[in-house]
Protein chains: 2
Amino acid sequence: MLSTAVFDVIRERILNGELLPGQKLKISQLAETHKVSLNVVREALNRLTGEQLVDLAPQQGFTVRALSEDDLIDLFAQRIIFEGIALRQSIINGDLEWQSRVLAAHHRLSRTPAVDPENPDRLNPEWLSRHEEFNVVMMACCGSPRLIQMVRQLAEAAALYQRALLPTSADRAERNSEHDDLLEAILEGEADKAVVILTRHLEQTRDVMLPVLRQGGGVPQANKRAAVQLVGK
Amino acid sequence: MLSTAVFDVIRERILNGELLPGQKLKISQLAETHKVSLNVVREALNRLTGEQLVDLAPQQGFTVRALSEDDLIDLFAQRIIFEGIALRQSIINGDLEWQSRVLAAHHRLSRTPAVDPENPDRLNPEWLSRHEEFNVVMMACCGSPRLIQMVRQLAEAAALYQRALLPTSADRAERNSEHDDLLEAILEGEADKAVVILTRHLEQTRDVMLPVLRQGGGVPQANKRAAVQLVGK
DNA sequence: ATAACTCATAAAATCCATTTTTTATGAGAT
DNA sequence: ATCTCATAAAAAATGGATTTTATGAGTTAT
């Protein structure tokens, strides 16, 4: 199915930061670059609105979902709640097989440099992927397909902020040690401890990004457009 | 925007039980009944997949999301967690204006007969609407747009089950008194108590539906189709 | 001179009619 | 009963028509 392929590619381009938050997604242009007809693009974009990655305003087309301070705060408040619940449940349910997968994901993450070797002022996209994978695997055993889906959606939204706002300078060593602590708590089955560490980790991630968003200098984000009525709001 | 209108109508028809869980949604047929072209319907259905009300399987088209025992249990487990959180926060944040709106919604609900006067063996659709409205208003002051959105989506999924499975006989009087207790706790600002009542209410709702789903006799639901690979799973 | 308004033009979004592919169906043969 | 294959039905994709919005030059008013 063509629209599924286009859906995946555009989704990837948004998460990669190739298509910036707030940016307009011109259908004809996307159709041309992906060598498909207009409706295929339209279909893909409609599905992306469901994933909360794209906004649709009638007669004004599609845009990449924009960043905002309020949303950043709300987003991380919900991540703390949802991921906390999912992680606790995962630790309770998880077996040896699951622990091993977490260990493996952590290893892959810890051995990937956080800063792009070729582009020292930006985070390494590969590291971001492994970070997200670590996150997904941690939650995988929570036992609830719906919870997993919601956590995945929140993490995806957060990825937009992280790719745009996370500075490379922010105490990498200290932050990586949080992953180590998290792993340790998981392997020892200490749910409470793990949730506390995760919460602190998320809070710190948010607090690093907030001032960057506030000053906004040099943040890769398309110019804000005038507020328009979005569908379904 | 035509597709938005069609989106709304189809959504309504699904929530009304006019289009049954598991039922195939033939694009050409929908296009004809709504006097629009195929692509418009397709666009609406794609957006409905984002709302988790419709499933899409490549080359097999769209179906109304089917009911299942596992999903029912999962769904209510998540409702208990997240509606609990949203309600508690709403009570903490809510001002007099909000309390008044809850009171009004409760009044509308309590004065609407739960059983359809013309169709005594089915629940009154108007009552179901007011019940959902009561629910939405209760959560409205939780302060988190994202939490509201997720709670709304969970409640919408639950509506499918309730319209299909909730018997008319299930101790209406007792269940309505739970709404009264809930209102009382909210107006007194007793968050803990309100959450306990809500939790019990949701558990009972689930437990009433489970056996009906298990035996499955006479449940309005389209015949199950062979399992197919769905997109995005 | 600047600001506000009109209106023609271009660009983009939305929708439709049609073609191409894929899947489902059922008669006839093995 | 199972398999093959022709046919019909439906999904998916295309190309293009229609409608709406954005843009900017020209005009008028302050």
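It should be emphasised that the depicted structure is a prediction, and the values quoted were computed from it without experimental measurement. A note on names: the letters A, B, ... follow the listed sequences, proteins ahead of strands, and every chain is numbered from 1.
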Tell me which donor-acceptor pairs under 3.5 Å the side chains of residues 79-87 of chain B have, and how far apart each pair is, sequence neighbours excluded?
{"residue": "B:R79", "atom": "NE", "partner": "B:E83", "partner atom": "OE2", "Å": "2.8"}
{"residue": "B:R79", "atom": "NH1", "partner": "B:Q162", "partner atom": "OE1", "Å": "3.4"}
{"residue": "B:R79", "atom": "NH2", "partner": "B:E83", "partner atom": "OE2", "Å": "3.1"}

note = From CD1 of B:I27 across to C1' of C:dT19 the rounded distance in Å is 16 Å

key: Pair listing, side-chain hydrogen bond (donor to acceptor under 3.5 Å, both in side chains) test, anchored in residues 126-136 of chain B, at least two apart   = B:R108-B:E133, B:T112-B:R130, B:E126-B:R130, B:H131-B:H179, B:E132-B:R163

inquiry  = If the cut-off is 4.0 Å, is A:R42 near the phosphate of C:dT14, judged by side-chain N/O to OP1 or OP2?
reply    = yes

ask   = Is the shortest side-chain N/O distance from B:K24 to OP1 or OP2 of D:dA11 below 4.0 Å?
value = yes

request  = Check whether the side chains of B:T63 and B:D55 place a donor and an acceptor atom closer than 3.5 Å, and report yes or no.
outcome  = no

ask   = Do A:S144 and B:Q78 touch side chain to side chain, with heavy atoms closer than 4.5 Å?
value = yes

All N/O contacts under 3.5 Å from nucleotides 21-23 of chain C to the protein, with atom names and distances to one decimal?
none

inquiry  = At a heavy-atom distance below 4.0 Å, what parts of residues 44-51 of chain B sit against DNA chain D?
reply    = none

Review item, side-chain donor-acceptor pairs of residues 202-212 of chain A, under 3.5 Å, at least two apart:
{"residue": "A:T205", "atom": "OG1", "partner": "A:R175", "partner atom": "NH2", "Å": "2.7"}
{"residue": "A:T205", "atom": "OG1", "partner": "A:H201", "partner atom": "O", "Å": "2.8"}

query = Is A:K24 reaching over with its side chain to a backbone N or O of A:Q60, donor-acceptor style, under 3.5 angstrom?
reply = yes

task = Would you kindly give the CG-to-P distance between A:L38 and D:dG16, to the nearest whole Å?
result = 11 Å

ask   = Out of D:dT14, D:dA12, C:dT14, which nucleotide sits closest to the side chain of B:M1?
value = C:dT14

May I have the list of side-chain donor-acceptor pairs in residues 4-18 of chain A shorter than 3.5 Å, sequence neighbours left out?
{"residue": "A:T4", "atom": "OG1", "partner": "A:R47", "partner atom": "NH1", "Å": "3.4"}
{"residue": "A:R11", "atom": "NE", "partner": "A:E156", "partner atom": "OE2", "Å": "3.1"}
{"residue": "A:R11", "atom": "NH2", "partner": "A:E156", "partner atom": "OE2", "Å": "2.4"}
{"residue": "A:R13", "atom": "NE", "partner": "A:E18", "partner atom": "OE2", "Å": "3.1"}
{"residue": "A:R13", "atom": "NH2", "partner": "A:E18", "partner atom": "OE2", "Å": "3.3"}
{"residue": "A:N16", "atom": "ND2", "partner": "A:E12", "partner atom": "O", "Å": "3.3"}

request  = Taking side chain to side chain contact (heavy atoms under 4.5 Å, CB included) as the test, write out the residues that go with B:D95, two or more places apart.
outcome  = B:E97, B:W98

ask   = Hey, mind stepping through A:L20 and A:V64 against side-chain contact (heavy atoms from CB on, under 4.5 Å) and telling me if it holds?
value = CA-CA 7 Å; A:L20 299 177; A:V64 180; over 6 Å; no

ask   = With no angle test and no hydrogens, is the base of C:dA13 tied to the side chain of A:N39 by a donor-acceptor pair under 3.5 Å?
value = no

query = Which residues within residues 3-10 of chain B lie with some heavy atom under 4.0 Å of an atom in DNA chain C?
reply = B:S3

remark   = Across all chains, not counting sequence neighbours, the side-chain hydrogen bond (donor to acceptor under 3.5 Å, both in side chains) partners of A:E69 are A:R214

note = Ordered by number, residues from residues 28-36 of chain B within less than 4.0 Å of DNA chain C (heavy atoms) are B:V36

Review item, side-chain donor-acceptor pairs of residues 30-39 of chain A, under 3.5 Å, at least two apart:
{"residue": "A:T33", "atom": "OG1", "partner": "A:Q29", "partner atom": "O", "Å": "3.2"}
{"residue": "A:T33", "atom": "OG1", "partner": "A:L30", "partner atom": "O", "Å": "3.0"}
{"residue": "A:H34", "atom": "ND1", "partner": "A:L30", "partner atom": "O", "Å": "2.9"}

task = Calculate the interatomic distance between B:L2 atom CG and C:dA13 atom P; express it in whole Å.
result = 17 Å

key: A:A157: side chain to side chain contact (heavy atoms under 4.5 Å, CB included) partners, not counting sequence neighbours   = A:L75, B:R146

inquiry  = Taking the side chain as everything from C-beta on, heavy atoms only, tell me whether A:N124 gets closer than 4.5 Å to A:V115.
reply    = no

inquiry  = Can you tell me which nucleotide in D:dT14, C:dC16, C:dA12 comes closest to the side chain of A:K26?
reply    = C:dA12

